[in-house]
Amino acid sequence: WFLASFPAAPEGAAGAPIEYSFAGMLGKALAPVFTPIGFNWQISVALVPALAAREVVVSALGTVHSLGAGDAAEQALSALIAGRWSLATAFSLLAWFVFAPQCLATLATVRRETGSRSMPLIMAACLSALAWLASFVTYRAALWLGLG
C-alpha cells in the first residue's frame, strides 16, 4: 500500500497515480529485465508482493490497475487482462510461477533448516533464473506459434 500510494502524482499528471509512486518507479526499473519475457511494468510491480505469497499477485494487479475490491473489481481485472495481455504473456506468467521461488517464508525455512544464509540466496537466485528462462522460452515459443 505504501509503495503504491507515495509519493502522490504531481499536479496535472496525465497517467494513473500509481505510475508516479514508488511502486510505479520500481516496476519501470524492473521492466527492462521482464520485457523479454512479455511482462509490462504492471506485471513487474505485481511480482514484488507475490514474494509474500503467489496468490497475492492477483490483488497486486488489481491495485496496480487502480481497481477496488469485490466482484466488480474481479470482473474488471479479468476484462482488462483479456484486453491488454496476449496469450503468450499469460503463458509466460504461468511458466514464471511454476519455477519462481515459492515465498519468503519458504526461504526463511530453508535458512533455519540449513543454518546457512547463503543457501536461501542461492536457491532464490537459481529459481529466479530458471523462472526467467522458462518464461522466455514459453513466451518466444508462443509468439512463434502465433499466440502473441
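The shortest side-chain heavy-atom distance between L107 and L104 falls under the 4.5 Å cut-off. Contact check for F39 versus Y139: no side-chain heavy atoms found under the 4.5 Å cut-off. Taking the side chain as every heavy atom from C-beta outward, T106 and M123 approach each other to under 4.5 Å. Between M119 and R111 the shortest side-chain heavy-atom distance does not fall below 4.5 Å. At least one side-chain heavy atom of L47 sits under 4.5 Å from a side-chain heavy atom of L93.
When all heavy atoms of G27 and S44 are compared, the pair lying nearest together is O-CB, 3.9 Å. Across every non-hydrogen atom of A31 and W41, the tightest pair is CB-CB, 4.3 Å. Minimum heavy-atom separation, A124 to P101: O-CG, 3.7 Å. Smallest separation of non-hydrogen atoms from S116 and S118: OG-OG, 3.0 Å. Closest heavy-atom contact between S92 and S135: O-OG, 2.9 Å.
Checked by atom type and distance alone, the side chain of S21 pairs as donor or acceptor with a backbone atom of L3 at under 3.5 Å. In terms of modelled atom types and a separation under 3.5 Å, the side chain of S128 and the main chain of A125 share no donor-acceptor contact. Not one N or O on the side chain of T138 forms a donor-acceptor pair closer than 3.5 Å with the backbone of F91. Counting only distance, with no hydrogens or angles, the side chain of W132 and the backbone of V33 share a donor-acceptor pair below 3.5 Å. Side-chain N or O atoms of T109 include one that pairs as donor or acceptor with a backbone N or O of A105 at under 3.5 Å. Of the possible donor and acceptor atoms, one in the side chain of R140 sits under 3.5 Å from a partner among the backbone N and O of P36.
Hydrophobic clustering, with ILVMFWY side chains joined whenever heavy atoms are under 4.5 angstrom apart, groups V58 together with I81. Side-chain heavy atoms closer than 4.5 Å link hydrophobic residues (I, L, V, M, F, W, Y) into clusters, and following such links, even through other members, never connects L51 to I43. Taking hydrophobic clusters as Ile, Leu, Val, Met, Phe, Trp and Tyr residues chained together by side-chain heavy-atom distances below 4.5 Å, W96 does not share a cluster with V56. Cluster membership for V57 and V48, using ILVMFWY side-chain heavy atoms within less than 4.5 angstrom, is shared. No path of Ile, Leu, Val, Met, Phe, Trp and Tyr side chains, each step under 4.5 Å between heavy atoms, connects L147 with W85, placing them in separate hydrophobic clusters.
Side chains of T89 and S86: a donor-acceptor N/O pair is present below 3.5 angstrom, by distance only.
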